[in-house]
Amino acid sequence: MSVALPTSNAFVPFAPTPRERRPSLPLRLWLLSRNPIEVWTRAHYEEPILPEISPLGRITFVSEPTAIKRVFVDNAENYPKDPLQMRILRPGLGEGLLTASGDVWKRTRRTLAPLFTPRRTALASGAMRDCAEARVDRWLKRRPGAILDVAREMTGVTFDILSATLFSNAISADYAGFEKAMTRYIESVGRVDPLDIIGAPTWIPRIGRFAARPSLAFFGKAVERLVAERHALLAKGDKAPDDILTALLKASDPETGIGLTDAEVAANIITFIAAGHETTARGLAWTLHLLAQAPDIRARAEKEAAAASDDPAEWLDELPLIRACIEESMRLFPPVPLMSRGAREDDRLGAITIPAKSLIVVAPWIVHRHRKLWKAPDAFMPERFMPGAREEIDRFAYLPFGSGPRICIGARFAMMEAMIVLTTILRRVRLDAAHPVQPKPVLRITLRPEGGLPMAVRPL
Ligand code: HEM
């Protein structure tokens, strides 16, 4: 699958050059803990399926769309989330939706699905626009040309939106605490620990997990307070807000009638705070970086934004170029750059045998830049996602939100939010890179610009 597109003037953002050969084990361990995308070789971007032997055993990188479909959809039962991922994420996220498995996962997903229907998501559009407008108002109080860290600003606005829409503002006052605790948590557990790579026993303490303890203590206290306040409200018989907190506390599985345990409620509060804003923030920040480097495209996007209707719920479907810019940005800089699974039983993917208990990696960072799947894979070309061209893209060659039963529950919410925040920005201000050095993408669970994204803001 490749689409004939003009490439001559397209902007090519900075990305680590793929290595010619696999690095030695010590260098590999060091790179994996610093920035795993720097470990990958040319073969990763050229081979459809690439098996490797590592100290952890067999790891297979799967980048061929039919094989990806088999892992995520056709034979998904055989590929649950793997034990390494669970070991890294569960200390913070417990049995929340992202990290739960089996019946707990099924029950939680069924319970929360009604909060993410297209109708419910559309109801959040007004609050999304209010939060975006308030953020731009704050920028406009500064002198023209003032420098902002756009990565941080996007974390701020997506947290405001999450708090307003899913938590009825119950977490707003804690923003500074959450930001600090979340950054610390991602910096610590988000680094691959060399002890995990070499398969050291779990009783040997990992530095990262030790460093994450203050964040976990903060999350624990914050959740306790949120749950106590909402319980008190529900007990008084007051009309409780129709949000995720009430849904979790009053949960009953539509099929079995069973509710969630206290530990599951707490785990889901943290999961939705973590998964519900950091990813969208990354997607938006990278899009603003790319648009600043492609002024022609930005000018067209500004025009489209200026002509948008008054109803932000409609923007998702009526602004094709802005949507294409976000989708192309998430191709080049997928907010979740890597997904992993463990094979339960032996299987075959194409000509490759997958042994039971081996690890499967589907890395959107690799798949989205794969030489066999994309023309000019490293160039920023939103045209690929414009109506007419987009239909040519294989569903399993583009997976910013994953696929199959574990697909992102917030995908529509996130797309609507990204459209509304970006359109609001494009209508009112222009952001330009504050210095010429291009940001380096670093993988820490999500894909962050190293050192932030300093940009100058000017009114339009
Ligand atoms: C641009 C923004 C986002 C991106 C790129 C993204 C990406 C993803 C991906 C790739 C997965 C699947 C992981 C896997 O299969 O291993 C996922 C799962 C999940 N996401 Fe998102 N996400 C985004 C926004 C959101 C938002 C806004 C929410 C909540 C409000 C959310 C909540 C979740 C949850 C709870 C799961 C676990 C679903 C399950 O396992 O059933 N995400 N996300």
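Just follow the structure's listing: the first ligand is 1, and inside any ligand the first atom is 1. Every heavy atom of this structure was used, including side-chain atoms; hydrogens, water molecules and symmetry mates were not.
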- Message: Out of all atoms in ligand 1, which are within 4.0 Å of some heavy atom of Leu166? Include the element for each.
- Response: 30 (C)
- Message: For atom 38 (C) of ligand 1, what's the nearest protein heavy-atom neighbour? Residue, atom name and distance, please.
- Response: Arg109 NH1, 3.4 Å
- Query: Among all residues two or more places apart in sequence or in another chain, which pass the side chain to side chain donor-acceptor pair (under 3.5 Å) test with Arg152?
  - Reply: Glu179
- Note on the structure: Given the options Phe159, Phe272, Phe413, His277 meets ring pair (Phe, Tyr, Trp, His ring centres under 6.0 Å) only with Phe159
- May I ask you to check whether Asn268 and Thr271 show a side-chain donor-acceptor distance below 3.5 Å? no
- Query: Has ligand 1 got any nitrogen or oxygen that is less than 3.5 angstrom from a nitrogen or oxygen of Thr271?
  - Reply: no
- Starting from atom 35 (C) of ligand 1, find the nearest protein heavy-atom neighbour and note its residue, name and distance. Phe272 CZ, 3.6 Å
- Item | Nearest neighbour in protein (non-hydrogen) for atom 16 (O) of ligand 1 | Arg341 NH1, 3.0 Å
- Closest to atom 13 (C) of ligand 1 (judged by heavy-atom distance), picking from Met330, Met339, Arg412: Met339
- Message: Show the atoms of ligand 1 that are less than 4.0 angstrom away from any heavy atom in Phe116.
- Response: 30 (C)
- Item | Shortest protein heavy-atom distance from atom 5 (C) of ligand 1, along with the residue and atom involved | Pro400 O, 3.4 Å
- Of the options Arg427, Arg138, Arg428, which is the one that meets Glu133 in a salt bridge (Lys or Arg N to Asp or Glu O under 4.0 Å)? Arg428
- Note on the structure: ring-ring contact (aromatic ring centres under 6.0 Å, His included) filter on Tyr398, not counting sequence neighbours, yields His368, Phe385
- Query: For Arg406, is at least one N or O under 3.5 Å away from an N or O on ligand 1?
  - Reply: yes
- What part of Lys81, side chain from CB on, backbone N/CA/C/O, both or neither, has a heavy atom under 4.0 Å from ligand 1? side chain
- Qualifying residues under side chain to side chain donor-acceptor pair (under 3.5 Å), relative to Asn78, sequence neighbours excluded: none
- Does Trp365 have Arg369 sitting over its ring (NZ/CZ under 6.0 Å from centre, angle to axis within 45°)? yes
- Show which atoms of ligand 1 fall inside a sub-4.0 Å distance from at least one heavy-atom site of Trp105. 39 (C), 40 (O), 41 (O)
- Message: Under 2.8 Å from atom 21 (Fe) of ligand 1, which protein N, O or S atoms do you find? Ignore water molecules.
- Response: Cys408 SG
- Would you kindly check if the NZ (Lys) or CZ (Arg) of Arg371 is within the cone defined by 45 degrees around the ring axis of Tyr45 and under 6.0 Å from the six-membered ring centre? yes
- Query: Can you find an N or O of Gln85 that's nearer than 3.5 Å to an N or O of ligand 1?
  - Reply: no
- Give a yes or no on whether a salt bridge exists between Asp82 and Arg87, defined as a side-chain N under 4.0 angstrom from a carboxylate O. no
- For Glu391, look at atom CD and say whether over 12 heavy atoms of other residues, nucleotides or ligands are found less than 6.0 Å away. yes
- Message: Show me which atoms of ligand 1 lie under 4.0 Å from any heavy atom of Phe413.
- Response: 27 (C)
- Ion pair present between Glu52 and Arg58, side-chain N to carboxylate O less than 4.0 angstrom? no
- Evaluate the side-chain proximity of Leu98 to Lys81: yes if any heavy-atom separation is below 4.5 Å, no if none is. yes
